[in-house]
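Have a look at the structure below, then the notes.
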Amino acid sequence: MNGGETVQETAVPGAGDSARVRARELEANLALVRSRIAAAERAAGRPAGSVRLVVITKTHPARDVRILSSLGVTDVGENRLQEAAPKVESCSDLELTWHFVGQLQTNKVRQVVEWAGYVHSVDRSRLVDALSAAAVRAGRDQPGRELGCLIQVNLDPDPGRGGVDPDGVPSLADAVAGAPGLRLDGVMAVAPLRGPYAGNAAAAFDRVADIASRMHEAHPTANMVSAGMSADLEEAVAAGATHVRIGSAVLGVRKPLG
Ligand SMILES: *Cc1c(COP(=O)(O)O)cnc(C)c1O
């Protein structure tokens, strides 16, 4: 790509070299993603820095998280608990906010309240109850310690993708807002693969923005809109996303999820 900055890369690579190569790769990818976000902000007439980058590190090792932290990344996300817990543990010396973006079983919520700043995937009232009970037990019912919760909206006819129907958002939002240990922060969505919004991320994210603004009217502190991934961050920023969740554009292609 850049003609090779040093001769070291062509020397027999030791562990130190491969770590350096990876660091350079992540640095370049991150720069590209940051410039895409900045360009999208400008194109939408939004202030520079108004969109926060959450790097989704699933399937990638803790040493990548360390590199990202050294490159100024403050927000990282995971979608599977078993994978996340040891990674969070081994990065506990870093100043990071962890976001959980995957589907959650009610009997597994105890772990997530230990380390997550935010859960983006709240999609049913039983999960609200379970998260609240676990959050209280973990002492998160103190002001400033609450678990940030986003309601995941599903615009895809496939319910297996997680998320609640748009119609179910208001009552779920009220439930989170009234639950000890939880703080209602906003809405999360993934661009649908099927149904009327398939292939039209812009329209899907406009719909999400609409749902978010209605939530914001009822709950003025719920101002997060988590939308946009590697392939569609521009559409999400244009529609008003406050947080984009970017995996492969920063870390490279993942191994298939097992
Ligand atoms: C993996 C994942 C992302 C990131 O996806 P990329 O296409 O790799 O950027 C975003 N959101 C959720 C919920 C994910 O599971």
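Remember, predicted model here, so these are calculated numbers, not experimental data. Counting convention: from 1, in listed order, for ligands and their atoms alike.
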Grab the two heavy atoms, one from Y118 and one from L147, that are nearest each other, plus how far apart they are. N-CD1, 4.3 Å
Side chains of I56 and L251 in contact at under 4.5 Å (non-hydrogen atoms): no
Distance from [atom] to nearest protein heavy atom, with residue and atom:
| atom | value |
| --- | --- |
| atom 1 (C) of ligand 1 | K58 NZ, 1.5 Å |
| atom 3 (C) of ligand 1 | M229 SD, 3.6 Å |
| atom 9 (O) of ligand 1 | S230 OG, 2.5 Å |
| atom 11 (N) of ligand 1 | R245 NE, 2.9 Å |

Do [X] and [Y] get their side chains close enough for a donor-acceptor pair, meaning under 3.5 Å?
| X | Y | answer |
| --- | --- | --- |
| N223 | H216 | no |
| Q103 | S121 | no |
| H219 | D174 | yes |

For V101, take its heavy atoms, then give the atoms of ligand 1 lying under 4.0 Å from any of them. 12 (C), 13 (C)
In terms of atom number and element, which parts of ligand 1 are under 4.0 angstrom from non-hydrogen atoms of N79? 15 (O)
Kindly confirm or rule out an N or O of I246 lying under 3.5 angstrom from an N or O of ligand 1. no
Sequence neighbours excluded, the answer for side chain to side chain contact (heavy atoms under 4.5 Å, CB included) partners of T74 is R52
